[in-house]
Amino acid sequence: MKFTAKIPNSILVVASLLLTVLVAETTAQTGQTFRLDGGNSTYAFGVDERGELQPIYWGGRLGAHDTMPVPHSLPEWSSFDSPNTTTPQEYAGWGGGLFTEPALKVSFADGNRDLILHFVKADASGSQSAEVLLKDISREIYVTLRYAMDADTGILARSASIENKEKQPVMIEQAAAAQWTLPPGRYTLNYLTGRWAGEWTLNQELIEGAARVLESRRGTTGHQVNPWFAISREAGRDNASAADEEHGEVWFGALAWSGSWRITVDRTQFDAVRVTGGFNPFDFGYKLKPGEHLETPVFYGGYSADGLGGASRLLHRFEVAKILPQAPDPKPRPVIYNSWEATEFKVDEAGQMALAEKAASIGVDRFVMDDGWFGQRKDDHAGLGDWYVNPQKFPHGLKPLIDKVHSLGMDFGLWVEPEMVNPDSDLYRKHPDWVLNFLGRPRSEQRNQLVLNLARSDVRDYVEGFLDKLLTENDIAFLKWDYNRNWSEPGWDQIPADEQREVYVQFIRNLYSILGELRQKHPRIEIESCSGGGGRVDLGILRYTDEVWPSDNTDPFDRISMQDGFSYAYAPQIMMAWVTDSPHWLNGRNTTLTYRILSSMQGSLGIGANLNHWSPEDFATAKRLIAAYHAAQRTIVRGSLYRLISPRDGSEFSATETVASDKNQAVVFAFGNATTEGRGFPLLKLEGLDRDAEYKLSWIEGKARTGTPASASGAWWMRHGIQLDLRGDFQGAAFRLDR
Ligand code: GLA
């Protein structure tokens, strides 16, 4: 963090007058500017003449010696447009006539609700981090803004800590992690929406006037909208050109929070675009007692000059190197077998052992037993909460199965759903007060289950306790951590009424602390975040989990589009993708095993089919393709991803390419989902290779038209391109280029 010397007030006043800026007040700190640099981006902010902290610049990296202009508050445009509203702030309190989205809104004990945050001081070391202290103009409310710039990707981590030094409690009604301000311009908002079995749809719409709200009110991240955005430049009256997949300016962000969240994208009446994100203010209320502070989640933001593709490559690199629990070099995900679609709740020792033998024979690394192994779990009506091994299904405990799995050269994983309880369980009969509920009101069940109130410390300790015991007593390498409903009636009646809404914060804090402590006590454990598919995927949970389950929809054709959507925000490394049976249970679609495996090979591969129904040819196909996957896995899941042909908007074709960081290898997957009028697969021009190096072509599956060279320069593959011979419905091809 560099900051310029204080500019004499006299100069400022002259400058302000020249700019016809109304100078309301000149504080001692006026004129300080701060600058953060990382990767190819620069972020700068400063203190204006009113003492407010204002954004100055966010975009491509500036020259090392460029000085930042001192920010000024805007003049009153009309009696309806006060400077508080028109002047952007880094973290605006609701007060003094702010009509746009505030970062912080509070209610004091005496009824005052006016909050105006001014700069106090900054702690700045180097050019990559800063802590800035703000304070209300009269009350003892302090906000520390934290900035940490990633030197490699230029992704900036922002969060706030709100502290009450008043003598009375203060109710926090709204608290953002950060507010981001974009340069003037026309923009398109990109965001991801979905539903159960239909996650990861990319939406793109012009940012017109008024606000657009992305949010979850469900107590969890949610399938419906993901806490990620990308804002891409549109051509406007300025000389900017529109951003696309590989070119142009894109600003993006991701909120690291697994509870109710909100991101508001505002286009103000002066066409300024601002993004505010943090705790969802809906039903929010956090009583901050004297001396206490509230930490917000972290809101990450980044900038790319290389289009949406460049933006997602930066995010992928950042997630893998800085977010995941095994960062900076997480292990490639083992190829798993999961029992769910084969046996559902009907798991037992002999059946699972038989599946394990078959899984091992095709090169699977990890055998995972899904739901059904515990309590009185015959179906989804009973058992959640009772985490003892079912003695009828596993009379000798889990050990014989785990030993068998180990003897086959695989490690063992297990499904759990720790935050839930079925009313038909010993746990609920003993502790009916442990679930989220409003006293005397109905308790709505979803999938016959209720949500445990993890915000309570006794519930938190119970959950950590049974998981710790399970991991201590059994040689378990992996947990698939599920979460199969959203909140309803989120009451916490055992504490004072004005503290009960803290459940929105405390539940998630306890979830993170359980995950953190389990990982500390059992350093070998790896965890998957699953929530009926992709209902809990965000950068908060990814600090504690190694992978996610993107969707319960495993249809290979649907998955190609979902995986495409997923890849805008999240890395292939964390994206589990299973091969399941055909016709598919969800839509009845028939596909070949080869097509199903190729579709799943775009991420971290798993097999979830009923191997008891496979033919010898199926086993041979799977064995061959899993071996090919293992050989190129690092490039596939850790390389730079190029979305060559998008499957969106009903496209008949799609293709992706990943390039290893040393550019020694590239892997391409191509899918033709319907051939119309005999047209062939479009000419594929590759990206990201070393243009002068020679690359040898080898096929994982499929072929090219005759005349394709066996080896050619990077320039040839990128400029001339390759013509695949891929026709028919639901066909896939994959090949490697090796330097
Ligand atoms: C959820 C998961 C599935 C499976 C079932 C088990 O739906 O997403 O993969 O684990 O629960 O009940």
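Start at 1 and go down the list; that is how both ligands and their atoms are numbered.
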Review point. Can an N or O of D552 be found at a distance shorter than 3.5 Å from an N or O of ligand 1?
Key: yes

Point to revise | Interatomic distance, T343 atom OG1 to N610 atom CG [nearest 0.5 angstrom] | key: 7.5 Å

Check your understanding: Heavy atom under 4.0 Å from ligand 1: found in E417's side chain, backbone, both, or neither?
Key -> neither

Check your understanding: Just distances here: any N/O of W578 and N/O of ligand 1 closer than 3.5 Å?
Key -> no

Point to revise | N/O separation below 3.5 Å, W415 to ligand 1 | key: yes

Check your understanding: Which protein non-hydrogen atom lies closest to atom 4 (C) of ligand 1, naming both residue and atom, and how far is it?
Key -> D370 OD1, 3.4 Å

Check your understanding: Does K358 count as lying over the ring of W614, i.e. NZ or CZ under 6.0 Å from the six-ring centre, within 45 degrees of the axis?
Key -> no

**Study point:** R377-ligand 1 polar pair, N/O distance under 3.5 Å
**Key:** no

**Study point:** Nitrogen or oxygen atoms of F345 and ligand 1 under 3.5 Å apart
**Key:** no

Exercise for review: Please could you name the atoms of ligand 1 that W549 approaches to less than 4.0 Å, counting only its heavy atoms?
Suggested key: 8 (O), 9 (O)

Check your understanding: Nearest protein heavy-atom contact for atom 2 (C) of ligand 1: which residue, which atom, what distance?
Key -> D482 OD2, 3.0 Å

Exercise for review: Output the list of atoms in ligand 1 that are nearer than 4.0 Å to some heavy atom of N484, sorted by atom number.
Suggested key: 1 (C), 7 (O), 11 (O)

